Amino acid sequence: MYDLTGFQRDLLYAIAGQDDPHGLAVKEELEEYYETEIHHGRLYPNLDELVEKGLIDKGQRDRRTNFYEITQRGRREIEARREWEDQYVSIGA
């Protein structure tokens, strides 16, 4: 996970929190969080990179709609990241 950009980490978390979302659903989720428009030219190349790294899988619903799902490796990376973060940030302390 250390070699991902912050945007890619956010994509990974957004995909992990949804049931096989399509690209537009992920885009809308992050636009709400970032409070700004995310262009397709930024979104899809980053999704493809997460696929190449084995953190998410890409499937096809129909000829125009792809969906994404987190892989076991992606889940392990999120868990490792959260454990690392917990060393430094303690909620409620």
Side-chain angles (χ1 to χ4, degrees):
M1 175 102 56
Y2 65 89
D3 62 338
L4 300 181
T5 66
F7 183 70
Q8 290 169 340
R9 279 194 304 267
D10 291 344
L11 283 171
L12 189 60
Y13 288 136
I15 292 167
Q18 299 181 44
D19 291 325
D20 303 335
H22 52 85
L24 189 57
V26 175
K27 178 180 180 289
E28 290 170 353
E29 183 74 25
L30 289 183
E31 284 178 339
E32 184 177 322
Y33 176 68
Y34 287 162
E35 298 180 349
T36 190
E37 183 180 359
I38 295 171
H39 298 282
H40 288 66
R42 180 179 186 200
L43 177 69
Y44 291 103
N46 281 287
L47 286 169
D48 288 341
E49 190 167 336
L50 293 176
V51 170
E52 289 172 18
K53 291 179 181 285
L55 300 172
I56 62 173
D57 285 327
K58 177 180 175 180
Q60 195 169 23
R61 282 212 175 96
D62 56 45
R63 296 181 76 169
R64 295 189 51 183
T65 306
N66 293 321
F67 68 89
Y68 300 89
E69 61 184 345
I70 190 160
T71 63
Q72 284 297 100
R73 179 174 178 220
R75 289 196 188 287
R76 285 193 309 269
E77 292 290 333
I78 287 175
E79 285 179 26
R81 173 70 184 205
R82 293 184 72 151
E83 288 174 11
W84 181 79
E85 288 173 347
D86 286 346
Q87 297 179 80
Y88 303 104
V89 180
S90 178
I91 304 287

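Remember, it's a predicted structure, so these values are computed and weren't measured experimentally. These values consider heavy atoms only, across backbone and side chains, with no hydrogens, waters or symmetry-generated copies.
Taken to the nearest 0.5 Å, the CD atom of Glu29 stands 10.5 Å off from the CD atom of Glu31. Here the straight-line distance linking atom CG of Leu55 with atom OG1 of Thr71 works out to 5.5 Å at 0.5 Å rounding. A distance of 9.0 Å separates CD in Glu69 from CZ in Arg75, rounded to the nearest 0.5 Å. Leu11 CG to Ile38 CD1: the interatomic distance, rounded to the nearest 0.5 Å, is 7.5 Å. Distance check: Ile56 CD1 to Glu49 CD gives 10.5 Å after rounding to the nearest 0.5 Å. Remark: Glu37 CD to Leu43 CG distance equals 11.5 Å, nearest 0.5 Å.
The environment of Arg61 atom CZ is dense: over 12 non-hydrogen atoms of other residues, nucleotides or ligands sit within 6.0 angstrom. The number of heavy atoms from other shown groups lying within 6.0 Å of CD (Glu32) does not exceed 12. Counting non-hydrogen atoms of other residues, nucleotides and ligands closer than 6.0 Å to CD of Gln87 gives a total above 12. In the displayed structure, Asp19 atom CG is contacted under 6.0 Å by at most 12 heavy atoms of other residues, nucleotides or ligands.
Asp62 and Gln60 get closest at one heavy-atom pair: O-CG, 2.9 Å. In terms of heavy-atom proximity, Leu4 sits nearest to Leu12 at CD1-CD2, 4.4 Å. Closest approach of Ile70 to Ala16, counting heavy atoms only: CD1-CB, 3.6 Å. Closest approach of Asp48 to Lys58, counting heavy atoms only: OD1-NZ, 3.5 Å. Smallest separation of non-hydrogen atoms from Asp3 and Gln8: O-OE1, 4.4 Å. When all heavy atoms are compared, the tightest approach of His22 to Thr65 is CB-CG2, 3.7 Å.
Side-chain polar atoms of Tyr44 and Asn66 form no donor-acceptor pair below 3.5 angstrom.
Phe67 and Val51 are members of different hydrophobic clusters when ILVMFWY side chains are connected at heavy-atom separations under 4.5 Å. No continuous path of hydrophobic side-chain contacts links Leu24 to Tyr68 [ILVMFWY only; heavy atoms under 4.5 Å]. No chain of hydrophobic side-chain contacts below 4.5 Å, direct or via other Ile, Leu, Val, Met, Phe, Trp or Tyr residues, connects Tyr2 to Trp84. A chain of hydrophobic side-chain contacts below 4.5 Å, direct or via other Ile, Leu, Val, Met, Phe, Trp or Tyr residues, connects Tyr33 to Tyr13.
Ion pairing between Glu77 and Arg81 fails under the 4.0 Å rule for side-chain N and carboxylate O.
No donor-acceptor pair under 3.5 Å is formed between the side chain of Gln18 and the backbone N or O of Asp20.
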